[in-house]
> 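One structure, pasted below without further comment.
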Amino acid sequence: MIDPLDDVYFMKKALQEAEIALQEGEVPVGALVVCNNQIIAKGHNQVETLNDATAHAEMLAITAATHYLGSKYLKDCTLYVTLEPCQMCAGAIYWAQVGRIVYGASDEKRGYQHWHCQVHPKTQVKGGVLAHESETLLKIFFEKMRQK
């Protein structure tokens, strides 16, 4: 059984990653992979830093988790991400067979559900965990961008 308090705890950790991204001038999205109640990988957006359009928080966290486990599959893991994954990240989640996704804010423009993309059929999905906190970071970032 999954303790919903764990989802809040781990999402707070993902929000810390999003705050790092914000400080680095990146879109503030943070992610982490948890296996057996232990954080095994973290990531935050590094698209600008790495000059790589694929350097989304989820992609970096998935790659780190597969290296940590020595496996391309993350069936027994939960991916926590502060923003609903995009199509690209949903594809990676599908191929890695992530067991569960918990995300914060929905992304009505670029989120995978808007594009009718699918994650692995066995993947459980839960959205809206600390969504307000995730949305607040995004608003701060985009307000700063508009001021430039």
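Worth knowing before you read on, the calculation uses all heavy atoms, side chains too, and leaves out hydrogens, waters and symmetry mates. Owing to the predicted nature of the structure, the values given are computational and were not obtained by experimental measurement.
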> Can you see which heavy atom on Pro85 is nearest to which on Ala90, and at what distance?
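Minimum heavy-atom contact is CB-N, 4.4 Å.
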
> For Lys144, which residues count as a side-chain contact (heavy atoms from CB on, under 4.5 Å) partner, sequence neighbours excluded?
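Counting only residues at least two positions away or on another chain, Lys144 forms a side-chain contact (heavy atoms from CB on, under 4.5 Å) with Ile140.
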
> Between Leu138 and Leu83, is the side chain to side chain contact (heavy atoms under 4.5 Å, CB included) condition met? List the steps.
CA-CA 9 Å; Leu138 291 163; Leu83 182 64; 3.9 Å; yes

> Return the OG1 to NZ distance between Thr82 and Lys12, rounded to the nearest 0.5 Å.
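So the OG1 of Thr82 and the NZ of Lys12 are separated by 15.0 Å.
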
> What residues form a ring pair (Phe, Tyr, Trp, His ring centres under 6.0 Å) with Tyr94, not counting sequence neighbours?
His120

> Measure the spacing between OG1 of Thr78 and CG of Asp7 and express it to the nearest 0.5 Å.
7.5 Å

> Look at the side-chain heavy atoms of Ile, Leu, Val, Met, Phe, Trp and Tyr, link any pair under 4.5 Å apart, and say whether Val129 and Tyr112 land in one connected group.
yes

> How many angstroms lie between atom CG of Asp76 and atom CZ of Arg100, to the nearest 0.5 angstrom?
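The CG atom of Asp76 sits 13.0 Å away from the CZ atom of Arg100.
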
> Please list, chain by chain and in numerical order, all residues satisfying side-chain contact (heavy atoms from CB on, under 4.5 Å) with Ala96, sequence neighbours excluded.
Ile62, Leu74, Val98

> Identify every side-chain donor-acceptor pair in residues 18-42 under 3.5 Å, counting partners at least two apart or on other chains, and give the distances.
{"from": "Glu24", "atom 1": "OE1", "to": "His44", "atom 2": "NE2", "distance (Å)": "3.1"}
{"from": "Glu26", "atom 1": "OE1", "to": "Val47", "atom 2": "N", "distance (Å)": "3.1"}
{"from": "Glu26", "atom 1": "OE1", "to": "Glu48", "atom 2": "N", "distance (Å)": "3.0"}
{"from": "Glu26", "atom 1": "OE2", "to": "Glu48", "atom 2": "N", "distance (Å)": "3.0"}
{"from": "Glu26", "atom 1": "OE2", "to": "Thr49", "atom 2": "N", "distance (Å)": "2.6"}
{"from": "Glu26", "atom 1": "OE2", "to": "Thr49", "atom 2": "OG1", "distance (Å)": "2.7"}

> How far does CD1 of Ile101 sit from CD1 of Ile93, to the nearest 0.5 angstrom?
4.0 Å

> Using side-chain heavy atoms (C-beta onward) and a distance below 4.5 Å, is Asn45 in contact with Phe141?
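Counting from C-beta outward, Asn45 and Phe141 never come under 4.5 Å.
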
> Tell me the closest heavy-atom pair linking Glu133 and Leu15, and the distance in Å.
CB-CD1, 3.7 Å

> Please name all residues satisfying side chain to side chain donor-acceptor pair (under 3.5 Å) with Asp52, sequence neighbours left out, ordered by chain then number.
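Checked Asp52 against side chain to side chain donor-acceptor pair (under 3.5 Å); matches are Thr54.
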
> Tracing side-chain links under 4.5 Å among I, L, V, M, F, W and Y, which residues wind up in one group with Met88?
Met59

> Output the distance between atom CD (Glu84) and atom CZ (Arg110), rounded to the nearest 0.5 Å.
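Answer rounded to 0.5 Å: 12.0 Å.
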
> What's the shortest heavy-atom distance between Trp95 and Tyr73, and which atoms?
O-CE2, 3.6 Å

> Nearest 0.5 Å please: distance from the CD atom of Gln147 over to the CZ atom of Phe142.
13.5 Å

> Identify the two heavy atoms, one from Met11 and one from Val81, that lie closest to each other, and give their separation to 0.1 Å.
CE-O, 3.5 Å

> Between Gly43 and Ala57, which heavy-atom pair has the shortest distance, and what is it?
O-CB, 3.8 Å

> Can you name the one residue among Val102, Val8, Thr136 that meets side chain to side chain contact (heavy atoms under 4.5 Å, CB included) with Leu130?
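Checked Val102, Val8, Thr136 against Leu130; only one passes side chain to side chain contact (heavy atoms under 4.5 Å, CB included): Val8.
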
> Does Ser71 have any side chain to side chain donor-acceptor pair (under 3.5 Å) partners at least two apart in sequence or in another chain, and if so, which?
none

